[in-house]
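This report refers to the structure that appears directly beneath it.
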Amino acid sequence: MFKLFGVKDFFNIALMIICVAVGSAFAAPDGDEKSIKAFMEAAKVFQHPRCVNCHASGDGPTQGDDNHQHLFGVKRGPTDRGVGGYTCKSCHQAQNIAAIPGESDWRMAPKPMSWGKATAAEICRRITDKTKNGNREPSGVALHIENDALVIWAWQPGDNRSPPPLSHDRFVSVLQTWTKNGAKCPE
């Protein structure tokens, strides 16, 4: 009636337990983990000079791949478009012209959305803070990044300026993964 387990049976059961334990360790990450992993990939773009130059933390933009202070002492101004005779549109036209980058609405990011050389966690907290991000849900931030012409310009910067390390499509996809999994921020 009852069959006693042999050594082979115990070995098979032990092997099965080990496989389940190892499988659990390598299981797909939960939503929080997926979200944080996606944001960390997106942070490579947020921390790239094409973003940091306009999201500069000071009173004026930076420029170049080394984020040096903008020439001529350009300042942010009350509308994030420069001051006096030094407005952004004084030099930046609707498209790149020689060494001067351009897009139709050239401007700095609003002061509350400045982050300069912030960590990924600091950037994440800033872009998810509705009091700083234009009252946007994280999905609205992702839509802004997907559709804003000045953001898109970063992938065709011209004049030997390096584009961000992810393609624009990949960046948008990563941000969608981040938002769909709860828009969690790394610590």
Side-chain angles (χ1 to χ4, degrees), residues 16-68 70 76 79-81 101 103 105-157 161-187:
M16 202 167 35
I17 291 169
I18 290 169
C19 287
V20 168
V22 169
S24 307
F26 292 101
D30 68 9
D32 287 0
E33 290 176 49
K34 282 182 188 176
S35 183
I36 291 168
K37 182 178 178 188
F39 189 83
M40 291 306 294
E41 185 173 358
K44 296 173 191 172
V45 175
F46 289 125
Q47 294 173 314
H48 188 272
R50 294 298 73 77
C51 292
V52 172
N53 285 337
C54 293
H55 287 269
S57 55
D59 287 330
T62 57
Q63 63 186 115
D65 284 349
D66 63 352
N67 303 112
H68 62 271
H70 196 288
R76 173 186 301 281
T79 64
D80 306 308
R81 289 170 169 78
E103 200 290 309
D105 190 21
W106 201 265
R107 66 197 181 282
M108 286 188 73
K111 184 79 170 169
M113 282 306 298
S114 61
W115 56 70
K117 303 256 183 199
T119 66
E122 292 166 334
I123 294 169
C124 187
R125 286 192 300 274
R126 187 161 299 256
I127 69 173
T128 55
D129 183 341
K130 291 173 80 173
T131 66
K132 292 180 172 54
N133 74 9
N135 201 32
R136 294 179 171 110
E137 295 293 332
S139 59
V141 171
L143 271 174
H144 163 71
I145 288 167
E146 181 177 6
N147 298 307
D148 185 273
L150 189 51
V151 172
I152 294 168
W153 168 87
W155 281 269
Q156 56 236 338
R161 286 177 283 271
S162 63
L166 306 177
S167 72
H168 184 253
D169 287 344
R170 176 69 184 156
F171 186 42
V172 169
S173 173
V174 165
L175 287 173
Q176 289 169 344
T177 298
W178 171 65
T179 61
K180 287 177 185 171
N181 286 284
K184 300 295 180 186
C185 292
E187 299 208 13

Identify each donor-acceptor pair in which a side-chain atom of residues 180-187 lies under 3.5 Å from a protein atom, sequence neighbours left out, and give them as a table.
unit_1, atom_1, unit_2, atom_2, d
Asn181, ND2, Thr177, O, 2.8

Scan for salt bridge (charged side-chain N to carboxylate O under 4.0 Å, His left out) pairs involving residues 113-129, sequence neighbours excluded, and state none if there are none. Asp129-Lys132
Those residues that, when tested against Trp178, pass ring pair (Phe, Tyr, Trp, His ring centres under 6.0 Å) (two or more places apart):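 Counting only residues at least two positions away or on another chain, Trp178 forms a ring pair (Phe, Tyr, Trp, His ring centres under 6.0 Å) with Phe39.
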Please name the residue in the list Val45, Ile123, Val151 that meets the side-chain contact (heavy atoms from CB on, under 4.5 Å) test with Cys51.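 Between Cys51 and the candidates, side-chain contact (heavy atoms from CB on, under 4.5 Å) is satisfied uniquely by Val45.
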Identify all side-chain donor-acceptor contacts of residues 55-62 below 3.5 Å with residues at least two apart in sequence or on another chain.
unit_1, atom_1, unit_2, atom_2, d
His55, ND1, Met113, O, 2.7
Thr62, OG1, Asn53, OD1, 2.6

Less than 4.0 angstrom from a charged side-chain N to a carboxylate O is my criterion; do Arg161 and Asp66 meet it? no
Let me have the donor-acceptor pairs involving side chains of residues 136-146, under 3.5 Å, with sequence neighbours excluded, atom names and distances please.
unit_1, atom_1, unit_2, atom_2, d
Arg136, NH1, Asn133, O, 3.1
Glu137, OE2, Lys130, NZ, 2.7

Ignoring hydrogens and geometry, is there a side-chain-to-backbone donor-acceptor pair from [X] to [Y] under 3.5 Å?
X      : Y      : answer
Trp115 : Gln47  : no
Thr128 : Cys124 : yes
Arg50  : Pro157 : no

Are side-chain heavy atoms of [X] and [Y] found at a separation under 4.5 Å?
X      : Y      : result
Pro163 : His48  : no
Asp169 : Ser167 : yes
Val52  : Phe46  : no

In short, Lys111 meets Asp80 closest at the heavy-atom pair N-OD1, 3.9 Å
Roughly how far, to the nearest 0.5 Å, is the SG atom of Cys54 from the CD atom of Gln63?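 Output value for this atom pair is 10.5 Å.
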Kindly write out the residues that satisfy side chain to side chain donor-acceptor pair (under 3.5 Å) with Arg81, not counting sequence neighbours, or none if the list is empty. Asp105
